[in-house]
Student: 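I'd like to ask you about the structure that follows.
Keep in mind it's a predicted model, so treat the numbers as computed, not measured. We count residues from 1, following the sequence as given.
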Amino acid sequence: MNERVRTGIWVGDCFIYNYSSWRLNYCVSGEVTTMSHLDRPMYLLGYLASQSKVYLIDKEFKTLVMRGDLDRANEVLPSIPKEHHNSVA
């Protein structure tokens, strides 16, 4: 693969990652499977086993905070699971 991993996490023996072609993949025992084709660049926050979900975020939240648009950032924040608030802090 000639792509660069943008963000990735290990979940047991499974490596979940995304790369510059805007695909969310996982790799188990050397076999790569595409989970989703993304419509824009996204970054992995993590995986919650209790919900069997992978969480991603775009740069919107970070951009809103950096611009000082805290009202809009506060509107976006509830869509991010509390377990991942430290990741976007």
Side-chain angles (χ1 to χ4, degrees):
M1 178 187 298
N2 291 330
E3 296 285 344
R4 249 184 147 164
V5 171
R6 183 178 299 257
T7 54
I9 56 171
W10 283 99
V11 179
D13 293 334
C14 176
F15 184 62
I16 302 170
Y17 65 97
N18 67 336
Y19 57 98
S20 58
S21 292
W22 300 2
R23 290 185 184 167
L24 180 63
N25 291 348
Y26 67 90
C27 180
V28 178
S29 300
E31 184 176 329
V32 175
T33 302
T34 298
M35 294 181 355
S36 178
H37 295 272
L38 306 172
D39 61 352
R40 63 188 181 275
M42 301 289 282
Y43 300 87
L44 282 168
L45 287 177
Y47 171 77
L48 289 182
S50 64
Q51 297 179 6
S52 297
K53 291 185 179 180
V54 173
Y55 285 91
L56 299 109
I57 192 169
D58 61 12
K59 291 225 175 195
E60 177 187 11
F61 183 77
K62 181 179 176 182
T63 301
L64 292 170
V65 171
M66 295 302 289
R67 287 184 186 160
D69 190 353
L70 300 182
D71 291 334
R72 177 73 179 114
N74 282 330
E75 291 174 16
V76 173
L77 188 59
S79 68
I80 301 169
K82 289 183 182 181
E83 294 87 351
H84 295 292
H85 283 190
N86 284 341
S87 298
V88 296

Student: Is there a path of hydrophobic side-chain contacts, each under 4.5 Å between heavy atoms of I/L/V/M/F/W/Y residues, joining Met35 to Tyr55?
Tutor: no
Student: Report yes or no: do Leu45 and Leu77 belong to one cluster of Ile/Leu/Val/Met/Phe/Trp/Tyr joined by side chain heavy-atom distances under 4.5 Å?
Tutor: yes
Student: Could you tell me which non-hydrogen atom of Asn18 sits nearest to which non-hydrogen atom of Leu56, and how far apart they are?
Tutor: ND2-CD2, 4.3 Å
Student: If the condition is ring pair (Phe, Tyr, Trp, His ring centres under 6.0 Å), which residues does Tyr43 pass it with, not counting sequence neighbours?
Tutor: none
Student: How far apart are the closest heavy atoms of Pro41 and Arg6, and which atoms are they?
Tutor: CB-NH1, 4.0 Å
Student: What is the minimum heavy-atom distance between Gly8 and Leu44, and which atoms define it?
Tutor: CA-CD1, 3.7 Å
Student: If we ignore hydrogens and angles and just use 3.5 Å, is the side chain of Asn25 paired with the main-chain N or O of Tyr17 as donor and acceptor?
Tutor: no
Student: Going by the rule side-chain hydrogen bond (donor to acceptor under 3.5 Å, both in side chains), which residues pair with Ser21 if we only count those two or more places apart in sequence or in a different chain?
Tutor: Glu3
Student: To the nearest 0.5 Å, tell me how far Tyr47 OH sits from Ile16 CD1.
Tutor: 7.0 Å
Student: Between OH of Tyr26 and OG of Ser36, what distance do you get to the nearest 0.5 Å?
Tutor: 12.5 Å
Student: Are Met42 and Ile57 linked, directly or through other ILVMFWY residues, by side chains that come within less than 4.5 angstrom of each other?
Tutor: no
Student: Once you round to the nearest 0.5 Å, how far does OG1 of Thr33 lie from CG of Leu24?
Tutor: 11.0 Å
Student: List the residues meeting salt bridge (Lys or Arg N to Asp or Glu O under 4.0 Å) with Arg72, not counting sequence neighbours, and say none if there are none.
Tutor: Glu60, Glu75
Student: Please say yes or no: joined through hydrophobic side-chain contacts below 4.5 Å, possibly via intermediate residues, are Ile9 and Leu48 part of one cluster?
Tutor: no
Student: Looking at Gln51, I'd like to know if its CD atom is crowded, meaning that more than 12 non-hydrogen atoms belonging to other residues, nucleotides or ligands lie closer than 6.0 Å.
Tutor: yes
Student: Report the distance from atom CZ of Arg40 to atom CH2 of Trp22, rounding to the nearest 0.5 Å.
Tutor: 9.5 Å
Student: Ala73 and Val65: which non-hydrogen atoms are nearest, and at how many Å?
Tutor: CB-CG2, 3.9 Å
Student: In terms of hydrophobic clusters joined by side-chain contacts under 4.5 Å, are Val54 and Trp10 together?
Tutor: no
